[in-house]
Amino acid sequence: MHRYRSHTCGALRDGDIGAVVRLSGWCHRIRDHGGVLFIDLRDHYGLTQVVADPDSPAFKVAETLRAEWVVRIDGKVRRRPGGTENADLPTGAVEVYISGIEVLGPAAELPMPVFGEQEYPEEIRLKYRFLDLRRERLHANIIKRGQIIDSIRRRMREGGFFEFQTPILTASSPEGARDFLVPSRLHPGKFYALPQAPQQFKQLTMIAGFDRYFQIAPCFRDEDARADRSPGEFYQLDVEMSFVTQDDVFGAVEPVMRGVFEEFAGGKPVTPKFPLIPYREALAKYGTDKPDLRNPIEMQDVSEHFRGAGFKLFAKILDANPKNRVWAIPAPGGGSRAFCDRMNSWAQGEGQPGLGYIFFVEEGGATLGRGPVANNVGPERTDKLRTQLGLKAGDAVFFVAGDPNVFVKFAGPARTKIGEDLNLIAKDQFAFCWIVDFPMYEWSEEEKKIDFSHNPFSMPNMEPDAFLALDGSDKDTILNLKAIQYDIVCNGIELSSGAIRNHRPDVMKKAFAIAGYSEDVLEAKFGGMLRALSLGAPPHGGIAPGIDRIVMLLCGEENLREVVLFPMNQRAEDLLMGAPSEVTAKQLRELHIRLALPEKS
RNA sequence: GGGGGCGUAGCUCAGUUGGUUAGAGCGCUAGCCUGUCACGCUAGAGGCCGCGGGUUCGAGUCCCGUCGCUCCCGCCA
């Protein structure tokens with residue numbers, strides 16, 4: 001007999017009846033009836049009911065056991081008495097009659113029970129993460145995470161990709177997120193940085209003549225957390241390919257994403273062919289570059305109906321600036337004054353002056369618009385509006401007006417709110433799309449200059465010679481430039497971002513010059529990259545889907561902490577290990593570091 | 001850095017208009033209980049009402065400050 005177990009707690013079936021077995025596990029639940037005592041013994045594999053009664057030599061010990069003690073029990077498998085089988089357990093046909101017990105690991109009183117599904121404060125859950133992980137749901141999520149990553153690896157290998165490892169200690173990069181810095185002992189005053197992503201390394205791997213790179217890569221960014229953004233560290237499925245166009249990247253990655261989702265979605269439908277939505281169109285229809293396509297609402301430009309019309313507020317806005325627009329957010333089924341008023345006060349809560357609306361009613365065989373907007377623009381224009389939007393009695397429409405670049409930040413959430421409140425969102429599915437044609441540059445209001453909109457390594461979407469001939473001071477043209485840059489979005493969550501890279505040094509220099517970076521800066525920050533590009537670089541591109549977000553979606557969780565084994569809290573603290581922590585004076589001395597702490601006020 | 005929500009027993013929460021001794025369920029301890037699987041029954045222990053200050057005859061409750069957790073904005077190429 002093995003020292004600890006002959007079977008796992010999920011193994012025994014009626015075929016094992018009569019066998020003498022040894023099980024080890026945690027006392028999940030103890031039910032003491034005085035004369036007979038039941039313990040649900042739990043391990044990674046399942047639950048088995050073990051039983052003792054006063055005839056058992058182990059009864060005295062059994063009575064002393066408490067929840068979450070780790071024990072080894074010996075006993076004989078027997079059929080449960082008729083009518084007491086538990087169909088909810090795979091082992092529910094049998095039980096083990098205990099003949100011996102050894103306590104392997106007693107437990108003090110628990111700060112949070114493992115049994116049951118009650119909610120507990122994050123602080124306690126994180127401090128006692130190992131207890132939380134014993135609970136069924138979290139345990140299952142972590143297992144599923146591993147299975148998903150296995151599946152991704154298999155699919156990538158089958159697609160001809162090869163897994164690489166890139167450095168964790170690297171150089172600080174000037175763009176993007178804040179770096180985590182690591183002081184160098186050997187080089188006083190100098191620092192390594194943890195990679196924000198293996199971006200440059202994967203490009204260098206392509207330039208080094210490899211092809212079809214992938215890695216389940218840890219990424220480190222010293223930025224604040226969100227529910228769907230872990231503080232500090234997270235994992236990406238990092239992908240890069242040589243001699244490819246955008247279509248080739250999509251052709252390689254889309255089947256992997258779809259396959260993984262179909263495998264783990266538990267029967268929920270997955271978009272069979274991801275639609276391509278240009279960035280501009282996404283903003284115009286959905287008010288965001290990460291649309292939730294489960295929400296059927298699409299916005300439309302209805303400016304023409306309001307030009308010179310009786311609704312003075314909108315007419316004036318349209319006259320004030322040729323860029324201004326009025327957009328309509330249709331609300332099928334929202335055609336009641338109560339709903340429209342509720343949306344209006346919601347908008348005011350969001351810091352808006354209000355939310356114009358029309359709702360449609362059936363009256364005397366005609367469909368009529370109601371509400372202040374309808375009254376002011378008149379029945380004819382109201383009906384044209386209704387026809388353009390394809391609405392009927394019982395529906396409503398809301399309006400946002402002004403500079404679309406400004407109001408889009410409100411229109412997107414309004415569309416979401418309407419969809420949710422009217423129950424229009426088809427919850428049980430995974431709705432994917434590609435967002436393409438991102439702008440290359442954007443206007444930085446903070447720095448009052450043109451800056452890269454996303455990745456400075458992306459290739460502009462135009463012929464290199466034409467790009468090289470651009471006038472960098474032609475602001476309108478520059479801001480309209482597109483990059484070969486794309487995102488995968490699923491259910492309103494940005495799953496990944498990628499690009500065809502800029503592999504030409506001359507185009508790279510020009511691209512940085514437009515964003516106001518001198519060649520010196522480019523050389524200082526990306527000298528290695530530039531040298532690599534000038535010594536025979538293949539055209540290449542890739543993408544980097546976020547592993548944690550994929551797992552979160554597939555586990556049906558709203559927060560990344562539910563799918564990460566040992567997550568930090570929102571303030572980037574590890575409450576279990578006590579990180580970050582102070583270090584000794586000796587450690588600091590070796591690193592040539594003296595602290596200059598902020599004064600406490 | 002800014003905004004919202006929350007903070008009462010180990011945990012989940014209730015606590016009326018400011019009123020006398022702050023409650024319930026789960027958990028814990030003890031006792032009873034031979035077929036439970038959220039076992040049941042009885043009793044008990046357990047409270048700096050986050051912390052500090054203020055208003056008041058009187059504060060868990062009202063006000064100010066502060067700390068913690070969380071969600072969001074900024075930020076995240």
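Order of the sequence lines fixes the chain letters, A, B, ..., with proteins taken first and strands second; residue numbering starts at 1 for each chain. Just so you know, these numbers use all the heavy atoms, side chains as well, and skip hydrogens, waters and symmetry mates.
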Checking all strands, does [X] fall into the base, sugar-phosphate, or nothing category for heavy-atom contacts under 4.0 angstrom?
| X | result |
| --- | --- |
| A:E573 | sugar-phosphate |
| A:I124 | sugar-phosphate |
| A:R125 | nothing |
| A:N559 | sugar-phosphate |
| A:S453 | sugar-phosphate |
| A:R78 | base |
| A:Y120 | sugar-phosphate |

### Message
What I want to check is whether an N or O donor and acceptor connect the side chain of A:Q570 with the base of B:G68 at under 3.5 Å.
### Response
no
#### Entry: Side-chain donor/acceptor of A:R79 to base of B:G35, under 3.5 Å
no
Quick one: is [X] getting a side-chain N or O under 4.0 Å of the [N] phosphate, OP1 or OP2?
| X | N | result |
| --- | --- | --- |
| A:R226 | B:U70 | no |
| A:R178 | B:C75 | no |
| A:R229 | B:C71 | no |

### Message
One character per nucleotide, please: for nucleotides 37-46 of chain B, 5' to 3', B when the base has a protein heavy atom closer than 4.0 Å, S when only the sugar-phosphate does, - otherwise.
### Response
BSB-------
## Note on the structure
Expected string for nucleotides 4-9 of chain B under the B/S/- scheme (protein heavy atoms, under 4.0 Å, primed atoms plus P, OP1, OP2 as sugar-phosphate) is ------
### Message
A cation-pi test, strictly: NZ or CZ of A:K290 under 6.0 Å from the centre of the six-membered ring of A:F438 and no more than 45 degrees from its axis. Yes or no?
### Response
no
### Query
Where the side chain of A:A177 is concerned, which of B:C76, B:C75, B:C72 is the nearest nucleotide?
B:C76
### Query
Taking the side chain of A:P121 as heavy atoms from C-beta outward, which of B:U12, B:C71, B:C69 is closest to it?
B:U12
### Task
For residues A:F410 and A:W346, establish whether the separation of their ring centroids is below 6.0 Å.
yes
### Query
Taking the six-membered ring for Trp, are A:F512 and A:F457 parallel (under 30°), tilted (30 to 60°) or perpendicular (over 60°)?
tilted
### Summary
A:T64 and A:V61 have their tightest heavy-atom pair at OG1-O, 2.6 Å
### Considering all heavy atoms, the nearest A:D437-A:P278 contact
OD2-CB, 4.1 Å
### Query
Which dot-bracket string describes RNA chain B (Watson-Crick N1-N3 plus N6-O4 or O6-N4, or G-U N1-O2 and O6-N3, all under 3.5 Å; [ ] crossing; | other strand)?
(((((((..((((.....[...)))).(((((.......))))).....(((((..]....))))))))))))....
